[in-house]
Visitor: 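I have a structure I would like to understand better, so I am pasting it below and will then ask my questions one at a time.
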2 protein chains.
Amino acid sequence: ISPIPHPISFAEEHKCLNSELWHACAGPLVSLPAVGSRVVYFPQGHSEQVAASTNKEIESQIPNYPNLPPQLICQLHNVTMHADAETDEVYAQMTLQPLNPQELKDPYLPAELGTANKQPTNYFCKTLTASDTSTHGGFSVPRRAAEKVFPPLDFTMQPPAQELFAKDLHGNEWKFRHIFRGQPKRHLLTTGWSVFVSAKRLVAGDSVLFIWNDNNQLLLGIRRATRPQTVMPSSVLSSDSMHIGLLAAAAHAASTNSRFTIFYNPRASPCEFVIPLAKYVKAVYHTRISVGMRFRMLFETEESSVRRYMGTITGISDLDAVRWPNSHWRSVKVGWDESTAGERQPRVSLWEIEPLTTFPMYPTPFPLRLKRPWPTGLPSLHGR
Amino acid sequence: ISPIPHPISFAEEHKCLNSELWHACAGPLVSLPAVGSRVVYFPQGHSEQVAASTNKEIESQIPNYPNLPPQLICQLHNVTMHADAETDEVYAQMTLQPLNPQELKDPYLPAELGTANKQPTNYFCKTLTASDTSTHGGFSVPRRAAEKVFPPLDFTMQPPAQELFAKDLHGNEWKFRHIFRGQPKRHLLTTGWSVFVSAKRLVAGDSVLFIWNDNNQLLLGIRRATRPQTVMPSSVLSSDSMHIGLLAAAAHAASTNSRFTIFYNPRASPCEFVIPLAKYVKAVYHTRISVGMRFRMLFETEESSVRRYMGTITGISDLDAVRWPNSHWRSVKVGWDESTAGERQPRVSLWEIEPLTTFPMYPTPFPLRLKRPWPTGLPSLHGR
DNA sequence: ATGTCGGCCTGTCGCCGACAA
DNA sequence: TTGTCGGCGACAGGCCGACAT
């Protein structure tokens with residue numbers, strides 16, 4: 001009776017999500033630090049995510065937390081991947097524990113640099129057209145994509161066709177009729193497609209992605225187009241209280257060295273605010289930058305791949321000198337080479353960019369292993 | 001192309017909701033304190049609402065806020081009524097300002113007792129049947145309801161029919177064909193009804209309510225059945241941080257006597273946690289209760305009206321003696337007369353109940369005006 | 001008085017190749 | 001190679017009174 005049809009099966013609660021699919025939906029630039037490693041947590045960046053999610057600027061009503069430093073070095077105890085039940089939006093839950101001064105002295109392991117997010121190899125991602133989402137027809141599968149990730153059709157049949165079963169992030173299975181027909185011949189998903197489109201409420205501009213994994217399973221994810229004004233205010237807690245909550249939770253955890261929990265929404269947050277400690281140390285203490293220096297930075301393309309944009313450093317200063325002095329968060333002011341630069345942020349963090357030195361870097365066998373632990377005590381900009 | 005049809009018109013952002021409709025959707029027992037009046041805010045009750053909304057128990061990880069008393073006497077600066085854009089769930093936003101000791105000495109006005117929530121007179125509320133929500137047909141309008149709240153039909157037509165336009169909480173207008181036909185004759189809503197059902201995602205068990213207001217407008221609201229497990233965890237902020245946020249926001253406001261903002265969800269919260277000061281004072285300081293005493297208490301029926309249930313006081317103690325000592329929040333343990341008592345809470349607050357004295361109360365012209373302001377300083381249970 | 005059903009009509013869904021970009 | 005369209009068949013949506021509760 002419900003207008004939204006039910007998929008074939010339901011995953012049990014708290015089931016671990018498929019990691020490949022989660023990363024594919026999150027995008028090629030998103031990586032999660034390894035469990036057990038040490039990370040740097042930026043309350044300021046977390047605050048930006050909450051502001052983006054609640055669609056509200058940060059008010060000056062927020063009390064100060066003098067004991068909360070702008071960056072908190074933590075042990076990452078737990079990372080779990082999730083997807084919103086309503087929207088399939090991917091997010092991660094992390095349990096962090098601030099380290100005490102004694103623990104800060106421990107040398108860290110090279111593995112803590114974090115493993116790169118390996119995107120699955122056998123997958124494709126297509127942005128839906130008006131025809132794909134209309135009720136008038138099915139889904140047109142790009143030829144190379146179908147040949148690469150779908151099981152081969154039996155071409156002795158006329159027309160060649162098969163049934164595909166694909167699992168989404170929640171473990172629900174969807175059934176599609178895959179047929180190769182038309183003049184000229186093309187791959188199509190027909191029966192079952194419209195049910196999926198209406199259940200997920202997909203519209204033209206959204207993307208779907210199919211993965212053929214090593215277990216010969218077909219996985220199915222969605223990535224919604226970034227629609228303006230898509231977020232709405234929560235009716236649970238005021239955005240002010242949310243801001244206070246994240247700051248107070250971090251401050252309390254920092255003062256007692258106890259664990260706290262945060263959510264990271266890769267596609268809602270402007271930036272990662274939990275980064276591997278080694279990445280931070282390398283960028284802040286082992287990289288020389290100056291105004292006028294050229295750099296490169298990775299961005300995600302519309303087709304879910306990456307490309308580099310180039311720019312010039314135009315300044316180095318605190319983003320919020322009053323509330324977060326000596327933070328390294330987005331401390332680098334930049335200008336972009338291309339005229340479409342309006343969409344790229346004017347401030348970035350050190351660890352996001354790749355400075356171009358006039359002396360070419362020769363690759364070495366162990367380029368990232370540091371000789372000794374970084375200096376104890378809180379890092380500060382004055383150290384440079 | 002969207003599976004969800006658009007209603008005829010959209011209300012502009014931030015438009016003031018229709019108060020009658022909001023109260024009708026909220027239910028007969030929900031009343032909002034008057035703007036400008038003084039109220040008592042219970043962080044403990046607010047906490048219960050957040051726990052209910054995030055579907056998570058309160059953890060012991062939450063830090064203590066020693067400067068946050070269990071009840072905060074505040075000036076109510078602003079109240080706005082809202083409805084969730086996705087679910088039409090009604091909620092209210094309140095701006096509160098804790099009063100300083102000087103302000104606490106001011107005598108209060110009798111009007112601060114709060115005005116009773118006057119439910120609209122010309123309205124009806126019907127719980128939807130399987131037939132009402134099925135795609136097979138329309139909506140069967142109870143005869144008395146149609147005759148009372150719908151404009152009269154022209155019975156010279158065969159069959160008598162008209163078009164109805166009704167506005168929902170967001171100001172969107174919905175169009176229905178209202179017809180009187182069948183054997184035996186009955187009132188039906190046909191064309192337009194299924195669009196409404198699917199747009200609002202109504203299922204059997206949910207209720208719709210129609211109001212014919214003084215401006216001869218037809219208003220239309222919904223009240224969803226209380227489905228278990230309907231709330232889902234937010235992916236914005238951890239529930240722990242939300243709890244900390246509400247407490248820290250209240251504590252900060254209390255220490256600086258500054259304004260703060262809260263949301264009250266009448267249908268999600270177990271109980272009102274912002275109540276008129278006069279109501280609180282009357283219940284706590286001018287009502288004698290003891291163990292064994294009989295009392296009555298109002299509850300909402302399934303048909304959106306009220307009835308009284310009776311019970312006996314079985315104990316008086318703090319609900320959480322560690323975290324909230326000397327709070328009056330749900331300090332009364334009760335037993336209910338009827339065997340269906342499993343659905344009614346075993347603890348209530350003083351101001352929710354109506355103790356039955358053996359000496360009948362004679363009504364007086366000014367029964368609620370106090371002779372003098374209540375004692376300064378924080379109230380405590382020891383005063384009784 | 002009103003919930004559910006069978007009958008029946010009709011509008012939309014959805015599968016097909018044509019055609020063009 | 002693939003997005004959109006006209007054609008058209010099938011089926012669910014939806015209006016009707018019958019009938020039972």
Side-chain angles (χ1 to χ4, degrees), chain A residues 1-5 124-148 158-163 175-199 202-208 303, chain B residues 1-5 124-148 150 157-163 175-199 202-208 303:
Chain A
I1 307 297
S2 161
I4 297 182
F124 77 90
C125 177
K126 185 196 175 189
T127 299
L128 298 178
T129 66
S131 297
D132 288 332
T133 51
S134 125
T135 58
H136 188 60
F139 173 68
S140 185
V141 189
R143 180 177 175 170
R144 292 161 174 272
E147 290 172 350
K148 188 170 63 172
Q158 278 312 321
Q162 65 181 334
E163 288 193 333
K175 176 180 168 184
F176 304 106
R177 177 171 172 82
H178 169 208
I179 194 168
F180 185 71
R181 63 163 172 81
Q183 196 51 249
K185 299 287 184 216
R186 89 272 315 271
H187 291 270
L188 296 164
L189 297 187
T190 58
T191 311
W193 173 253
S194 69
V195 177
F196 178 72
V197 167
S198 58
L202 297 173
V203 298
D206 295 341
S207 302
V208 292
E303 299 81 17
Chain B
I1 307 297
S2 162
I4 298 181
F124 78 90
C125 177
K126 185 197 175 189
T127 299
L128 299 178
T129 66
S131 297
D132 288 331
T133 51
S134 126
T135 59
H136 189 62
F139 173 69
S140 186
V141 189
R143 179 176 176 171
R144 293 162 173 271
E147 289 171 351
K148 187 170 65 174
F150 288 166
M157 299 173 67
Q158 278 311 322
Q162 66 181 334
E163 288 194 333
K175 176 180 166 184
F176 304 106
R177 177 170 171 81
H178 168 208
I179 194 169
F180 186 72
R181 62 165 173 80
Q183 196 52 248
K185 298 286 183 218
R186 88 273 312 271
H187 291 270
L188 296 164
L189 297 187
T190 58
T191 311
W193 173 253
S194 70
V195 177
F196 178 73
V197 168
S198 58
L202 297 173
V203 298
D206 295 340
S207 301
V208 292
E303 299 81 18

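The sequence lines fix the lettering, A, B, ..., with proteins before strands; numbering per chain opens at 1.
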Visitor: To the side chain of A:Ser140, which of C:dG3, D:dG3, D:dC15 is closest?
Guide: D:dG3
Visitor: Please identify which of these residues, B:Arg144, B:Arg143, B:His178, B:Arg181, meets the side chain to side chain donor-acceptor pair (under 3.5 Å) condition with B:His187.
Guide: B:His178
Visitor: Taking 4.0 Å as the cut-off, does a side-chain nitrogen or oxygen of A:Ser131 come that near to OP1 or OP2 on D:dC5?
Guide: no
Visitor: Whole Å only: how far is the CG atom of B:Leu188 from the C1' atom of D:dC16?
Guide: 10 Å
Visitor: Looking only at atom types and distance, does a side-chain atom of A:Trp193 sit under 3.5 Å from a main-chain N or O of A:Gly137, one as donor and one as acceptor?
Guide: no
Visitor: Round to the nearest Å and state the distance from B:Leu128 atom CG to C:dT2 atom P.
Guide: 14 Å
Visitor: OP1 or OP2 of D:dG14 sitting under 4.0 Å from any side-chain N/O of B:Thr191?
Guide: no
Visitor: Report the nucleotide, chosen from C:dG3, D:dC15, D:dG3, that has the shortest atom-to-atom distance to any side-chain atom of A:Thr129.
Guide: D:dG3
Visitor: At a cut-off of 3.5 Å, list every protein nitrogen or oxygen paired with a nitrogen or oxygen from nucleotides 7-10 of chain C, distance to 0.1 Å.
Guide:
unit_1, atom_1, unit_2, atom_2, d
C:dG7, O6, B:His136, NE2, 3.4

Visitor: Provide, to the nearest angstrom, the distance between the CD atom belonging to B:Gln158 and the P atom belonging to D:dC16.
Guide: 13 Å
Visitor: Let me know the distance between CH2 of B:Trp193 and P of D:dC15, rounded to the nearest Å.
Guide: 13 Å
Visitor: Find out whether B:Phe139 and B:Val197 are in side-chain contact, i.e. whether some heavy atom of one side chain is under 4.5 Å from a heavy atom of the other.
Guide: no
Visitor: Quick one: on DNA chain D, does A:Arg143 or B:Gly137 contact a more 5' nucleotide (nearest heavy atom)?
Guide: A:Arg143
Visitor: Give me the atom names and distance for the closest heavy-atom approach of A:Ser207 to A:Thr127.
Guide: OG-OG1, 3.2 Å
Visitor: Taking the side chain as everything from C-beta on, heavy atoms only, tell me whether B:Leu188 gets closer than 4.5 Å to B:Ser140.
Guide: yes
Visitor: Provide a list of protein-nucleic acid N or O atom pairs under 3.5 angstrom, restricted to nucleotides 17-21 of chain C.
Guide:
unit_1, atom_1, unit_2, atom_2, d
C:dG17, OP2, A:Arg181, NH1, 3.2
C:dG17, OP2, A:Gly182, N, 3.1
C:dC19, N4, A:Arg186, NH2, 3.4

Visitor: Can you name the nearest heavy-atom pair linking A:Asp132 to A:Leu128, along with the distance?
Guide: OD2-CA, 3.7 Å
Visitor: Bend across the helix from C:dA1-D:dT21 to C:dA21-D:dT1, to 10°, with axes taken over 5 pairs at each end?
Guide: 30°
Visitor: Can you find a side chain N or O atom of B:Ser194 that sits less than 4.0 Å from OP1 or OP2 on D:dG14?
Guide: yes
Visitor: Whole Å only: how far is the CG atom of A:Asp132 from the C1' atom of D:dT4?
Guide: 11 Å
Visitor: How are the rings of B:Phe124 and B:Phe150 set relative to one another: parallel (under 30°), tilted (30 to 60°) or perpendicular (over 60°)?
Guide: perpendicular
Visitor: Can you check the A:Phe139 CZ to C:dC15 C1' distance for me, whole Å?
Guide: 17 Å
Visitor: Compare all side-chain heavy atoms of A:Phe196 with those of A:Val208 and state whether any distance is below 4.5 angstrom.
Guide: yes
Visitor: Taking all non-hydrogen atoms of both residues, which atom of B:Pro159 and which atom of B:Ile179 are closest, and how far apart?
Guide: CG-CD1, 3.7 Å
Visitor: Output the rounded distance in Å from CZ (B:Phe180) to C1' (D:dC16).
Guide: 15 Å
Visitor: Does a side-chain heavy-atom distance below 4.5 Å link A:Val141 with A:Phe176?
Guide: no
